[in-house]
Participant: 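Would you mind keeping the following structure in view while I ask a few things?
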Number of protein chains: 2
Amino acid sequence: MSRMRTNTPIYQRVADDLRAEIADGTRPPGSQLPTEAELQEKYAATRYTVRQGLAALVNEGLIVSRRPLGHFVREIHPMVYRPQQEFRKKQPELDIFTQLLADEGNGRQPSQEIEVSIVQPTSNTLDRLKLADNELLAVRRRTRYIDGEPYNINDSYVRLSLVQDSEYMSPVDVARGTNQVLADLGKPLVRALDEIYVRMPKPDEVTRLKLGPGTPVAEHVVTTYTFEDEPVQVTINIVPGDRHVIVFERTREWPPAEQGESA
Amino acid sequence: MSRMRTNTPIYQRVADDLRAEIADGTRPPGSQLPTEAELQEKYAATRYTVRQGLAALVNEGLIVSRRPLGHFVREIHPMVYRPQQEFRKKQPELDIFTQLLADEGNGRQPSQEIEVSIVQPTSNTLDRLKLADNELLAVRRRTRYIDGEPYNINDSYVRLSLVQDSEYMSPVDVARGTNQVLADLGKPLVRALDEIYVRMPKPDEVTRLKLGPGTPVAEHVVTTYTFEDEPVQVTINIVPGDRHVIVFERTREWPPAEQGESA
DNA sequence: CAGCGGGCATTGTCCAGTCAATGCGAATGG
DNA sequence: CCATTCGCATTGACTGGACAATGCCCGCTG
């Protein structure tokens with residue numbers, strides 16, 4: 001037969017075989033994969049080669065390696081992330097984040113770290129808030145946890161001059177909600193623009209959110225506006241893909257009538 | 001002094017250094033990175049090690065390797081992906097997809113491949129459409145291109161019994177839009193539920209969309225309902241993260257009870 | 001001048017090893 | 001019986017090679 005062209009590289013076959021077994025349920029979430037040594041034998045390859053195959057799966061987010069224990073099929077526990085909920089009528093006692101989770105009905109314990117500081121605008125915030133020149137911004141940085149594990153990052157930017165001396169600046173949970181604080185300051189938020197970017201995380205996000213390799217994130221940027229279409233607040237959420245489903249609901253503007261507006 | 005613990009592995013330093021240079025603009029998009037040989041010299045490491053560093057950046061989607069040419073900083077050209085637009089009033093002459101692009105105002109040429117087939121429901125579609133037993137589904141599979149490059153995948157599922165013999169089944173562009181076809185069949189779609197999952201692509205998605213390594217995708221699942229909250233259609237969009245921004249707009253449901261309009 | 005073909009730089013795949021780090025569990029000592 | 005230590009299996013980091021594949025460029029040929 002001589003040199004039958006085997007085309008697909010060995011490490012690919014390792015990855016493909018394992019991926020198929022994970023997909024069809026042969027290897028359920030949480031189960032341990034063969035060790036590198038076992039794979040070496042099975043594929044008659046060196047450790048380097050089988051490691052390459054495993055690395056591919058790690059980068060696809062399908063498996064994780066726990067250092068001296070082995071490789072395991074990844075388990076995911078997505079929670080529902082519902083940007084619109086923020087605009088719904090709500091019990092004003094509950095913080096929005098807590099309320100979101102309450103919807104789930106499971107007993108997971110949310111908590112958050114809040115940190116308020118003053119920063120110079122970046123290009124991100126600068127043109128979304130249509131800032132004049134180097135006006136300063138107040139930023140409320142929140143990292144939110146469930147059962148002690150970080151779940152997402154939520155940084156809100158507003159013009160410092162607007163919220164100076166207000167409750168907005170206090171690094172604690174604001175019971176009535178920061179949106180209410182802004183409304184009380186004469187800037188009720190009635191419109192929002194959501195932008196969602198899907199990408200791999202930056203190194204600092206990896207550490208802040210304890211992300212495993214192969215975990216993409218959604219960068220969810222919300223710009224909120226007043227009646228008069230004045231942008232007031234930019235919120236940047238970093239939402240790990242392995243822990244969230246983003247959910248929106250929509251209704252048609254016009255039930256089949258042409259032109260006619262019937263809200 | 002003596003043996004200062006150098007802690008971070010060499011390949012990490014390679015990745016970190018290059019990442020920083022990309023971030024601060026020293027290495028602009030499209031520019032060529034040092035060759036592996038050059039990096040070997042700079043870091044006094046073997047090729048394996050510098051390759052590990054480069055591989056990390058590839059998996060982050062920051063760089064691409066063009067086989068015998070070298071590694072290059074990745075260029076991205078995101079287009080706006082606006083799920084809601086589908087529900088807006090529109091010139092019925094234009095296909096939705098074409099219209100989306102028209103908004104951009106740039107001269108990129110859209111095209112699409114349409115394929116209609118009949119399938120058994122998967123768990124995905126089965127419970128979203130609340131199907132009775134093994135009712136068959138019609139699926140319109142579309143792959144959409146811009147300037148010949150694949151941009152996203154769009155598969156729509158409806159009950160076969162509903163659309164049999166209708167225009168829905170013809171694998172060509174339906175001028176008035178498939179939503180209109182469904183409306184004409186007595187199922188006007190007025191509500192939609194959007195779910196967005198962020199993950200790494202499956203191998204078949206990689207090939208269908210010609211995805212580079214390190215490119216995550218959004219799986220955007222839309223379930224559309226009639227007045228009576230009957231689910232009619234499930235659409236699964238696969239949206240590559242490097243080529244899209246997903247955009248939503250929201251208005252507050254109740255402007256504190258009076259003040260009717262906000263456009 | 002157009003077309004072809006071969007050299008070549010560069011990345012892709014793979015081999016055969018070494019030593020380090022780490023968490024678990026068994027052996028050990030009080 | 002409990003706490004501590006230590007062996008060990010397993011993955012992580014890295015060395016130093018080899019040969020294959022592939023676009024590009026340049027020189028040759030008609």
Side-chain angles (χ1 to χ4, degrees), chain A residues 2-18 27 30-74 203 206-207 210-214, chain B residues 3-18 27 30-74 203 206-207 210 212-214:
Chain A
S2 72
R3 289 287 303 140
M4 148 89 170
R5 282 192 34 114
T6 186
N7 250 343
T8 60
I10 303 176
Y11 80 92
Q12 269 293 349
R13 290 218 309 275
V14 176
D16 290 348
D17 291 353
L18 290 173
R27 302 189 177 280
S31 63
Q32 182 169 6
L33 297 174
T35 66
E36 296 175 355
E38 287 165 352
L39 290 172
Q40 278 185 62
E41 188 162 0
K42 174 169 180 188
Y43 290 93
T46 58
R47 197 170 152 225
Y48 169 85
T49 304
V50 303
R51 273 178 75 78
Q52 222 180 184
L54 290 168
L57 297 181
V58 168
N59 285 321
E60 288 171 32
L62 281 180
I63 67 176
V64 293
S65 114
R66 296 217 290 275
R67 176 72 107 104
L69 304 185
H71 288 89
F72 296 82
V73 181
R74 188 153 176 185
V206 171
T207 57
K210 287 199 201 139
L211 298 177
Chain B
R3 287 288 302 140
M4 149 84 171
R5 278 184 44 108
T6 187
N7 248 342
T8 61
I10 303 175
Y11 80 93
Q12 269 292 352
R13 290 217 308 275
V14 176
D16 290 347
D17 291 354
L18 291 173
R27 302 189 178 278
S31 64
Q32 183 169 4
L33 297 175
T35 66
E36 297 175 355
E38 288 164 353
L39 290 173
Q40 279 185 59
E41 190 163 1
K42 174 168 179 189
Y43 290 92
T46 58
R47 197 171 151 226
Y48 168 84
T49 302
V50 303
R51 271 180 76 76
Q52 227 181 148
L54 290 169
L57 297 180
V58 169
N59 285 320
E60 288 171 32
L62 280 179
I63 67 175
V64 292
S65 113
R66 296 217 290 273
R67 174 75 107 103
L69 304 184
H71 288 90
F72 296 81
V73 181
R74 190 153 173 185
V206 171
T207 57
K210 286 197 201 145

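All chains are named by letter (A, B, ...) in the order of the sequence lines, taking the proteins before the strands, and each is independently numbered beginning at 1.
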Participant: Base, sugar-phosphate, or nothing for A/Ala44, non-hydrogen atoms under 4.0 angstrom?
Facilitator: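 Touches sugar-phosphate only.
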Participant: Say you draw a straight line from CG of B/Leu39 to CD1 of B/Ile10; how long is it, rounded to the nearest 0.5 Å?
Facilitator: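 The CG atom of B/Leu39 sits 12.5 Å away from the CD1 atom of B/Ile10.
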Participant: Who passes salt bridge (Lys or Arg N to Asp or Glu O under 4.0 Å) against A/Arg67, sequence neighbours left out?
Facilitator: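 Not a single residue meets the salt bridge (Lys or Arg N to Asp or Glu O under 4.0 Å) criterion with A/Arg67.
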Participant: Keeping to residues at least two apart or across chains, list the salt bridge (charged side-chain N to carboxylate O under 4.0 Å, His left out) pairs with something in residues 44-59 of chain A.
Facilitator: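 Residue pairs with at least one partner in residues 44-59 of chain A: A/Glu36-A/Arg47, A/Glu36-A/Arg51.
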Participant: Encode nucleotides 7-13 of chain D as B, S and - characters from 5' to 3', where the letter depends on protein heavy atoms closer than 4.0 Å: B to the base, S only to sugar-phosphate, - to neither.
Facilitator: --BBBBB
Participant: What pairs with A/Phe72 under side-chain contact (heavy atoms from CB on, under 4.5 Å), at least two apart in sequence or on another chain?
Facilitator: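 Listed in chain order: A/Gln32, A/Val64, A/Arg66, A/Leu69.
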Participant: Look at all strands and tell whether B/Thr46 reaches a base, only sugar-phosphate, or nothing, counting heavy atoms closer than 4.0 Å.
Facilitator: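 Touches a base.
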Participant: Hey, which of A/His71, A/Glu41, A/Arg27 is the one that makes side-chain contact (heavy atoms from CB on, under 4.5 Å) with A/Pro34?
Facilitator: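 Only one of A/His71, A/Glu41, A/Arg27 forms a side-chain contact (heavy atoms from CB on, under 4.5 Å) with A/Pro34, namely A/Arg27.
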Participant: Pick out the pairs of N or O atoms, protein on one side and nucleotides 5-7 of chain C on the other, that lie under 3.5 Å.
Facilitator:
none

Participant: Only one of A/Val50, A/Val73, A/Ile63, A/Leu54 forms a side-chain contact (heavy atoms from CB on, under 4.5 Å) with A/Leu18, so which one is it?
Facilitator: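 Answer to the side-chain contact (heavy atoms from CB on, under 4.5 Å) test with A/Leu18 among A/Val50, A/Val73, A/Ile63, A/Leu54: A/Leu54.
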Participant: Could you walk me through whether A/Tyr48 and A/Tyr11 pass ring pair (Phe, Tyr, Trp, His ring centres under 6.0 Å), step by step?
Facilitator: CA-CA 9 Å; A/Tyr48 169 85; A/Tyr11 80 92; 8.8 Å; no
Participant: Checking B/Asp17 now: which residues fulfil side-chain contact (heavy atoms from CB on, under 4.5 Å) with it, not counting sequence neighbours?
Facilitator: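 Per chain and number, B/Asp17 pairs via side-chain contact (heavy atoms from CB on, under 4.5 Å) with B/Tyr43.
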